[in-house]
Amino acid sequence: MRANASALFHATFGVAPRAAASAPGRVNLIGEHTDYNGGPVLPVACAARTYVAVGPGEPGILEMVSTREEQVARIDYRAGRLAGWGAYVAGVMRELVALGAAPLAGGARVAVASDVPVAAGLASSAALTVAAAKALSLLAGARLQARQLAGVAFRAEHDHVGVRCGIMDQMSAALARPGRALLLECASLAVHHIPIGGRLLLVDSGLRRELAAGALNERRAECEAAVARLKLELPELRWLASWPAAWLPRLKRALPEPLRSRALHVVGETARARFGAQLLARRHLKRFGELLYESHESCRQLYDCSTPELDTIVAAARRAGALGARLTGAGWGGAVLVLLGGKGEAKVTREIRRAFRAAYGREPAIDVVHPSGGVRREPVR
Ligand code: GLA
């Protein structure tokens with residue numbers, strides 16, 4: 001894919017690119033829908049990456065091509081509302097301009113090659129925006145730090161594209177380390193890198209969901225409505241994740257449904273993610289795996305972001321003796337993460353395939369997760 005981005009640039013624009021970068025997709029171990037509530041998350045970067053090769057272009061104009069779209073998109077990134085995948089790159093450009101870290105003429109040519117599947121719960125958009133932020137800032141001769149790249153990428157998606165995501169995906173794409181999970185506290189942005197034990201599988205349900213229009217924005221609005229009500233009980237409350245776990249009865253009294261369920265998920269998931277990070281660090285994989293199952297149940301029942309397909313996979317993994325399993329990413333489709341100890345992989349994958357085929361007449365794709373590193377500069381050729 002690295003070579004593809006450069007080759008695509010060359011074939012499309014007739015010259016070599018001047019700078020290139022790549023960033024990974026992510027698989028979240030635990031801490032789902034906690035990031036925009038000021039809680040902890042625990043993602044790993046996966047081996048699939050997005051490569052972006054860039055060169056100078058006309059002022060104000062982005063010319064973009066990708067291995068997934070044959071047509072070259074040409075947009076004036078300064079003007080109006082943005083749409084399509086190019087909106088993500090345009091959002092990045094706007095943010096780089098604001099930081100004084102955009103290519104001088106303020107225009108660029110961009111070629112993208114990626115093996116991160118889109119809308120599969122693996123944060124393909126953050127892989128794209130973080131890689132684009134790195135490549136375009138390099139073209140400008142600016143050296144942004146990983147956290148700055150994450151900030152540019154986050155604002156591109158949140159402010160310009162209009163997906164009310166949290167900061168997990170961009171921080172993971174920017175800061176992840178090979179063989180480590182990233183414990184990120186989203187209120188303070190403090191990070192710890194935790195070595196990973198066990199073996200991780202990713203089971204893709206094949207169900208795709210477009211986030212921008214939908215459910216994530218709705219959940220986020222529900223969480224904000226919950227905070228507004230809970231502030232009457234605890235005026236200093238800023239984040240839903242900061243609600244004291246010992247005060248659940250009070251939370252239940254203060255909130256009507258569905259806000260009550262959403263808030264119970266966020267408070268419970270916050271505790272699970274922090275405890276989970278400790279267990280992982282101490283290699284207590286069995287107990288960590290139980291937390292993954294609990295997290296899935298909470299996503300299913302309280303946050304209402306699972307689907308029957310995802311539930312089928314999790315139940316099959318459990319029956320076959322996996323240490324843990326849960327939907328990963330926003331949910332409403334996408335993939336399930338499965339944690340295994342030393343043995344039993346063949347049995348678990350067999351049972352998942354069998355159960356899924358019996359229910360849906362097809363088999364899900366199953367891959368091993370190789371926790372990898374965050375954004376990096378790539379050679380151009
Ligand atoms: C999406 C968002 C993330 C996070 C997850 C749910 O992937 O982009 O910021 O909120 O959903 O944990």
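One-based numbering, in listed order, for ligands and for the atoms of each.
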Discussion item. Under 4.5 Å side-chain heavy-atom separation, chaining through any Ile, Leu, Val, Met, Phe, Trp or Tyr, what else clusters with W239? Say none if it is isolated.
Written reply: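 Besides W239, the cluster holds no residue at all.
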Fill in: Co-members of the apolar cluster containing F356 [side chain, <4.5 Å]
L201, V203, Y293, L310, I313, V314, L327, V336, V338, L340, V348, I352, Y360, I366, V368
Worksheet item: With respect to R357, which candidate in E351, E363, E309 satisfies the salt bridge (charged side-chain N to carboxylate O under 4.0 Å, His left out) definition?
Response: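 That would be E363; it is the only one of E351, E363, E309 passing the salt bridge (charged side-chain N to carboxylate O under 4.0 Å, His left out) with R357.
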Item to complete: Give the ring-plane orientation class for Y303 versus H265, where under 30° counts as parallel, over 60° as perpendicular and anything between as tilted.
Response: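 Tilted.
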Worksheet entry | Among L29, L182, V44, the one residue meeting side-chain contact (heavy atoms from CB on, under 4.5 Å) with P371 |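 With P371 as partner, L29, L182, V44 yield a single side-chain contact (heavy atoms from CB on, under 4.5 Å), made by V44.
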Item to complete: In plain terms, say whether R74 and E58 are close enough for a salt bridge, that is, a side-chain N and a carboxylate O under 4.0 Å apart.
Response: yes
Worksheet item: Taking 4.0 angstrom as the limit, do K252 and E233 come out as a salt bridge?
Response: no
Worksheet item: Can you tell me if R26 has a non-hydrogen atom under 4.0 Å from ligand 1?
Response: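 A heavy atom of R26 does come that close to ligand 1.
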Is there a nitrogen or oxygen of [X] sitting under 3.5 Å from a nitrogen or oxygen of ligand 1?
X    : result
G166 : yes
N28  : no
D35  : yes
T34  : no

Practice prompt. Report the member of T328, V163, D169 with the shortest heavy-atom distance to atom 2 (C) of ligand 1.
Written response: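 Residue with the shortest heavy-atom distance to the ligand atom: D169.
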Which of the atoms of ligand 1 are close to [X], meaning less than 4.0 Å from one of its heavy atoms?
X    : result
C165 : 2 (C), 8 (O), 9 (O)
M168 : 4 (C), 5 (C), 12 (O)
E32  : 6 (C), 12 (O)
Y36  : 10 (O)

